[in-house]
Amino acid sequence: MQKSGYFGISGVDKIIGEGMAYGSQIMIRGDSGVGKTVLAAQFIKEGLGCKDTCIYVCCDESPHAVRQTLKQYGLHPLPFEETDRLVFVDAYSLEPTEKYHFAGDDPLEKYLALENRVIKAAAGKPLRLVVDSLSTLLLGRDSQEILEFHRYRLKLRKKEDILTMDLIVDEVIDDTAFKVSSHLYDVIVKMYYAGSPERPMRALHVGKLKSGKFDSSQLFYTIADKIGVVIIQELWG
Amino acid sequence: MSNTDFLYAMLNNIYLGMSQVTSQVPMGGDYWIELSTEMMVERMFRKFRHLFTPASKRPADICRAWIDVMDAQGFVNKHHYRFQEEGDRLRVEIQRQGCIYLEYCTTAREEGLPFVCPRMVSCKWVVSHLTDQPYQVEMTINSEGNSSIGYISPAGLADNILARKGDRITIAGERAVVVSTNTYGYLLKAIYQYAPQILPQVLYQSSYSASLVEYDRVDPRYPDKRELIEWLLQHTNYLGVIRYEIVEFDEINKRARIRGYGSYMAEMFLKHNLFLTPHMTCDSARGRLAAYFSRAWNMEMECEEMECEALGNSCCEFVVLPKHL
Ligand SMILES: Nc1ncnc2c1ncn2[C@@H]1O[C@H](COP(=O)(O)OP(=O)(O)OP(=O)(O)O)[C@@H](O)[C@H]1O
Ligand SMILES: [Mg+2]
Ligand SMILES: [Zn+2]
C-alpha cells in the first residue's frame with residue numbers, strides 16, 4: 001500500500017503536490033533559531049493527526065523541552081506517548097531519563113542499533129522519524145564513519161518505508177563528507193533569514209532532488225503560536 | 001369500556017404521543033411537554049379564576065387554593081396532595097393511586113420517553129403566574145412508592161430551548177440561526193482556501209470560547225460537575241452536532257475519555273475535501289471538551305482526538321487532560 005505524507009504546512013505541502021511516499025527522506029537545514037524544530041513539531045503533529053507512529057530523536061534539547069515545544073504549537077504529547085504513537089529518544093541528556101537513551105559519545109553503530117530497536121517496536125505501522133539534529137549526532141566524528149553510517153542508515157529507512165526527517169544546523173556542519181551525501185535525500189527544505197537587518201524575515205526553499213527539480217520560489221514565513229510555521233503567501237489565497 | 005375510562009385512556013395516549021414526538025424533534029424533550037401542559041393549565045386557570053382565592057402569595061397557599069378549585073370541579077382529590085415549604089422550595093407530594101395520568105407516567109418511564117408530571121407542572125405554572133417569577137419542577141422518580149415527590153423551586157436560567165418569537169429563533173434566550181451543513185461547509189471551505197493553516201486552530205479556539213460561555217450559563221443549575229457536563233453534551237446532541245458518550249470521568253486524576261458518534265465535522269471535512277490526506281478533523285469538539293473540563297475541574301485542560309470517524313473509525317475518541325502534565 002502506498003501511503004503519502006505531508007508536512008502539515010500548506011504552501012510547503014502544495015509544492016510537494018501528491019505528497020511524499022513513506023520511505024522518502026527529508027532534510028531540513030538552516031541556521032540556529034530559524035525554526036527547524038518548530039517545523040519538525042508540525043511534521044509530528046501532522047503525522048499524529050493521520051494516526052502515524054512518530055519517533056523523535058532529541059539531540060539538541062531534552063525530550064522535556066521538545067514536549068513543551070509541541071504543546072506550544074497545539075499538541076499535547078502525553079496521550080500519544082501513552083498509546084505508543086509518539087516515542088522520544090533522548091540523545092541529549094548525560095544520564096538516561098527516558099526509555100530510550102543514547103550517550104552522545106558512543107559510536108554511531110550503537111546509535112543505529114538503538115534507532116533500529118525503536119523502529120522495530122513500532123513495526124507494521126506507518127512511521128515518521130525525526131532526528132533533531134543529525135548534525136549534532138555527527139559532530140566531531142570521522143568523515144569515513146559519517147559517510148558509512150549515513151548511507152547505510154538512509155538505505156535502511158527507505159526500505160522500511162519510514163518517512164524520515166533529518167534536521168541539520170548549517171553552521172555546525174561544513175564537513176564535505178556530509179555534503180556529498182545530501183543527494184541521498186528526496187526533499188530538502190532550506191530555512192534562512194531574509195530581508196534586511198531592520199526588517200528581518202524568515203524564508204524557506206523547498207528542493208526536490210530526485211526529480212532534479214528545485215522549486216526556486218522563496219516562501220516567506222512567520223512563526224505563530226499554536227500553529228507554527230505559517231507561509232505568508234498562503235494567507236491570502 | 002365506560003366513557004370515562006375511554007377518556008382517560010385518550011388523555012394518557014395524547015401525552016404519550018406528545019412525548020414520542022418531542023423525543024424525535026431537534027431540541028425536543030421534556031420542555032415541550034411542560035410547555036404544552038402549561039398552556040392547558042392557563043386555559044383552565046382563566047376559566048376558573050373567579051373561584052381561586054389563595055390565602056397569601058406564598059407558593060404553598062397558592063397551590064392549596066388551586067387544588068381546592070380543581071377539587072371542587074371534581075378533577076382531582078385534594079386529599080391526595082401535600083404541600084410543605086422548605087426554604088425557598090416547595091415540597092409537593094402527590095398520591096399516585098387514582099392519578100388519571102398514571103398510565104402515561106408508568107409507560108413513559110418504561111419506554112424511556114420524556115416525562116413531566118402534569119399535576120406538578122400545573123401547580124408550578126400557577127405559582128409562577130401569581131408570583132411573576134420563573135419556577136421549575138424537580139421530580140424524584142420513585143415509581144415503587146405510593147406517591148410522587150417533587151419540588152417547585154425558583155428556576156435558574158432558561159433551558160436549552162429552541163423557541164420562535166416572530167421572526168426570531170432563540171436557543172436559551174439567545175438568537176440562533178439554523179445553518180445547513182451546505183452553508184457551513186462552504187464557510188469552512190472559504191477559510192480553508194484563504195488560510196488553510198489556521199482552520200484547525202480557528203475551529204478549536206472559537207469552540208473553546210463559546211463553550212466557556214455555555215458552561216457558565218448552565219453552571220449555577222448543577223452542583224454536580226458530571227451532571228453538568230452530561231447536560232451540556234446532551235445539548236450538543238440536540239443541536240445535531242455529535243452524540244457524546246463519557247467513557248471515563250476521573251475527577252481525582254483529572255482525566256476524561258469521551259467518544260463521539262456521528263460527528264458533523266468529520267462529514268464536512270470529507271465532503272468538502274478540507275485536507276490533503278485522511279486526517280482527524282474534530283478540532284471544534286476538542287475545543288468544546290477542553291473548555292467544559294477546564295471550568296469543571298478549575299484547571300487549564302486540553303483535549304486531543306485519538307480516533308476519528310474521518311479516518312474510518314466507528315467513532316471519534318477524545319482524551320481530556322491537564323495542560324501542565
Ligand atoms: N510564537 C512565536 N512567534 C514568533 N516567534 C517564535 C514563536 N515561538 C518561537 N519563536 C521563535 O522561533 C525560534 C525557534 O525556532 P526553533 O527552535 O525551531 O529553531 P531551530 O531552527 O530549531 O534552532 P536550533 O538549530 O537552535 O535548534 C526562536 O527564534 C523563537 O524566538
Ligand atoms: Mg532546534
Ligand atoms: Zn473526529
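In what follows, every heavy atom counts, from backbone to side chain, and hydrogens, waters and symmetry copies are set aside. So that the names make sense, note that chain A is the first sequence line, chain B the second, and so on, each numbered from 1.
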| said: Could you check whether any side-chain N or O of A:His76 sits under 3.5 Å from a backbone N or O of B:Pro322, counting only pairs where one atom can act as donor and the other as acceptor? | reply: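 Such a contact is found between A:His76 side chain and B:Pro322 backbone.
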
| field | Side chain / backbone / both / neither for B:Gln205 at chain A, heavy atoms under 4.5 Å | value |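 No part of B:Gln205 comes within 4.5 Å of chain A.
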
| For B:Glu302, is it the side chain, the backbone, both or neither that has a heavy atom under 4.5 Å from a heavy atom of chain A? |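 For B:Glu302, side-chain heavy atoms alone lie under 4.5 Å from chain A.
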
Is the count of non-hydrogen atoms from other residues, nucleotides or ligands lying under 6.0 Å from [X] atom [atom1] greater than 12?
X: B:Asn298; atom1: CG; answer: no
X: B:Tyr186; atom1: OH; answer: no
X: A:Lys125; atom1: NZ; answer: yes
X: B:Glu245; atom1: CD; answer: yes

| Heavy-atom closest contact (B:Pro278 atom, A:Cys50 atom, distance) |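 Minimum heavy-atom contact is O-SG, 3.7 Å.
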
| If every non-hydrogen atom of B:Leu311 is compared with every non-hydrogen atom of A:Gly49, which pair is closest and at what distance? |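 Heavy-atom minimum between the residues: CD1-O, 3.9 Å.
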
Rounded distance (nearest 0.5 Å) linking atom [atom1] of [X] with atom [atom2] of [Y]:
X: A:Lys45; Y: B:Glu304; atom1: NZ; atom2: CD; result: 8.0 Å
X: B:Thr277; Y: A:Met20; atom1: OG1; atom2: CE; result: 10.5 Å
X: B:Gln197; Y: A:Ile232; atom1: CD; atom2: CD1; result: 12.5 Å
X: B:Glu307; Y: A:Thr83; atom1: CD; atom2: OG1; result: 8.5 Å

Can you say whether [X] sits under 4.5 Å from chain B via the side chain, the backbone, both, or neither, judging by heavy atoms?
X: A:Lys71; answer: side chain
X: A:Ile231; answer: neither
X: A:Gln68; answer: neither

| field | Set of residues satisfying side-chain contact (heavy atoms from CB on, under 4.5 Å) with respect to A:Ala224, sequence neighbours excluded | value |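 Once residues adjacent in sequence are excluded, the partners of A:Ala224 under the side-chain contact (heavy atoms from CB on, under 4.5 Å) criterion are A:Ile227, A:Val230.
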
| task | Could you go through the side-chain contact (heavy atoms from CB on, under 4.5 Å) check for A:Glu82 and B:Met306 one step at a time? | result | CA-CA 11 Å; A:Glu82 286 172 350; B:Met306 306 303 292; over 6 Å; no

| query | Which of residues 85-101 of chain A get closer than 4.5 angstrom to chain B, counting heavy atoms alone? | reply |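 Under the 4.5 Å heavy-atom cut-off, A:Arg85 qualify.
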
